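A short worksheet on the structure shown next.
Note that this is a predicted model, so its numbers are computed, not measured. Just so you know, residue 1 is the first one in the sequence shown, and it goes up from there. First listed ligand is number 1; within each ligand, the first listed atom is number 1.
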Amino acid sequence: MKLNYPKKVYLNGAWIHPEEAKISVFDRGFLFGDGIYEVIPFYKGKLFLLTEHLDRLRYSLKEVELKCGITNFEALISKSIEEAELEKEDGAIYIQITRGMAPRTHHFPENYQATVLMYAYKAKLDNFQYKFIDTLVSTDLRWHRCDIKSVSLMANILANTEAKKEGFAENIMIRDGCFTEGSHSSLFFVKNETVYTHPNGPFILPGITRNLLIKLCKANNIEVVERALPVSELDMATEVFITGTTTQITAIKNLHFPDKILNFGEEIGKITKKLQGLFIDEVEKQIGVKI
Ligand code: PDD
């Protein structure tokens, strides 16, 4: 899909054309990456898992002690779909909140006016169930608060750029001998019909799609274990997939290590397929849209 700028953005109280949207060179988001963000999907203009995404947004704000004064996120989010004229399209809302403008100091200023940016953009959210992708395995170089959706994403972008250079869309990361997650997705393995994923905590983002998937497993008698998978146990896995707001549930065909390639079959695995079907049904059940 061709990448475009949105038609309109919300910046600090006004809906304006992106060319008119200006922030200070002293914005702490620009100087320090002192800010958080959220990405919320919509299908045919209808928001999916909005409450869960807003809860995580509030969690990120709380964890970095960032006050933004916005109480009507729901209304602004709906308006962003209208402003972008995407009521009939699939896409996502991007929200970014930074600690605003202040003379540069490492500690936060006492008084500040948060910078709030929001816009809707079109994204291709159909046909994810047919993708069978290769990913690069890389070292997880991130900090110890990956549970915060921080805009400081240097380790993620370095890792993903390395993957991109080798022709892959995503990489999956290893910290202390265990798989954590992707640079912008959550990670799952299937072993003996049981689904494994890293537990929530400081080393992964509590993925909204990941949480839904765990619920779907539990409701459909698929055993799910939240435990970090050591690289040494990978040989026993028969299926690998990643999840995310725009990734949905994407099956992985080959994992590329520096010295070897591990293959997970020529066809998408049974459990992955089942979960993809359950996800599609859940979208229809919750917002009435057939993907
Ligand atoms: N990324 N892990 C990381 C590190 C992520 O950046 C994301 C999402 C996920 C999946 O989370 P969710 O299911 O809530 O989208 C896991 C977003 C989409 C992004 O950075 O654009």
Side-chain angles (χ1 to χ4, degrees), residues 1 3 6 29 33 35-43 47-60 63 77 90-97 117-125 128 135-164 169-175 178-189 195 197-217 226 228 240-250 252 275-276 278-279 282-283 286:
M1 175 179 256
L3 296 173
I36 58 95
Y37 75 108
E38 189 53 55
V39 185
I40 310 172
F42 57 87
Y43 293 89
L47 292 153
F48 184 52
L49 304 174
L50 175 63
T51 309
E52 291 82 347
H53 280 279
L54 286 182
D55 286 349
R56 185 173 64 187
L57 176 73
R58 292 190 185 104
Y59 173 78
S60 296
E63 290 302 300
I77 288 167
D90 295 345
I93 313 287
Y94 180 77
I95 305 173
Q96 175 169 329
I97 303 168
L117 168 72
M118 187 183 307
Y119 58 85
Y121 64 97
K122 208 167 152 169
K124 192 170 157 36
L125 299 180
F128 67 90
T135 55
L136 184 72
V137 178
S138 38
T139 307
D140 195 337
L141 295 173
R142 297 175 301 161
W143 67 331
H144 289 207
R145 288 305 307 271
C146 303
D147 52 317
I148 297 169
K149 210 161 165 60
S150 161
V151 292
S152 319
L153 289 171
M154 186 59 83
N156 308 54
I157 62 176
L158 287 176
N160 196 238
T161 304
E162 196 191 336
K164 180 88 175 137
E170 181 58 308
N171 50 299
I172 63 167
M173 301 186 285
I174 299 172
R175 189 195 286 259
C178 290
F179 288 100
T180 52
E181 60 180 341
S183 75
H184 57 289
S185 58
S186 309
L187 176 64
F188 290 79
F189 294 94
V195 172
T197 190
H198 196 287
N200 275 337
F203 297 132
I204 65 161
L205 183 80
I208 303 299
T209 322
R210 170 191 178 280
N211 291 351
L212 172 67
L213 223 78
I214 292 173
K215 277 193 203 151
L216 291 175
C217 284
E226 291 181 69
V240 189
F241 61 89
I242 50 175
T243 69
T245 289
T246 48
T247 310
Q248 296 143 301
I249 305 175
T250 300
I252 294 182
L275 287 167
Q276 289 173 329
L278 290 170
F279 178 84
E282 187 66 20
V283 174
Q286 288 199 25

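In the vicinity of K149, heavy-atom distances shorter than 4.0 Å reach the ligand 1 atoms 1 (N), 6 (O), 8 (C), 17 (C), 19 (C), 20 (O). Listed by number with element, the atoms of ligand 1 under 4.0 angstrom from any heavy atom of E181 are 2 (N), 3 (C), 4 (C), 16 (C). Those atoms of ligand 1 that come under 4.0 Å of a heavy atom in G244, given as number and element, are 10 (C), 13 (O), 15 (O). Under a 4.0 Å criterion applied to the non-hydrogen atoms of T209, ligand 1 contributes the atoms 12 (P), 13 (O).
Using a 4.0 Å cut-off between charged side-chain N and carboxylate O, E38 and R56 make a salt bridge.
The option with the heavy atom closest to atom 10 (C) of ligand 1, from among A159, S186, A123, is S186. Closest to atom 9 (C) of ligand 1 by heavy atom, among S185, A155, G182, G207, is S185.
Contacts of S183 with ligand 1, taken as heavy-atom pairs under 4.0 Å, involve the backbone alone. Residue R142 touches ligand 1 through its side chain alone, judged by heavy-atom distances below 4.0 Å.
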Tell me, with the steps shown, if L136 and E162 meet side-chain contact (heavy atoms from CB on, under 4.5 Å). CA-CA 8 Å; L136 184 72; E162 196 191 336; 3.9 Å; yes

Kindly indicate, with the supporting measurements, whether the criterion side-chain contact (heavy atoms from CB on, under 4.5 Å) is fulfilled by Y59 and I36. CA-CA 10 Å; Y59 173 78; I36 58 95; over 6 Å; no

Verdict with reasoning, L57 to I97, per side-chain contact (heavy atoms from CB on, under 4.5 Å): CA-CA 10 Å; L57 176 73; I97 303 168; 4.3 Å; yes

Between T209 and Q248, does the side-chain contact (heavy atoms from CB on, under 4.5 Å) criterion hold? Intermediate values first, please. CA-CA 7 Å; T209 322; Q248 296 143 301; 5.6 Å; no

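Considering I204, T197, V240 as possible partners of L187, the one that fulfils the side-chain contact (heavy atoms from CB on, under 4.5 Å) test is V240. Paired with E181 under the rule side chain to side chain donor-acceptor pair (under 3.5 Å), one option of R175, H198, R210, R142 passes, and it is R142.
Remark: distances from the non-hydrogen atoms of Y37 to ligand 1 include one below 4.0 Å.
For ligand 1, one of its N or O atoms has an N or O atom of T245 under 3.5 Å away. In terms of polar-atom proximity, I208 is counted as a contact of ligand 1, with an N or O under 3.5 Å from an N or O of the ligand. Looking at R210 next to ligand 1, no N or O pair under 3.5 Å apart turns up.
For atom 21 (O) of ligand 1, the closest heavy atom belonging to the protein is V39 CG2, 3.7 Å.
Taking all atoms of both residues into account, the shortest heavy-atom contact from D147 to P206 is O-CD, 3.5 Å.
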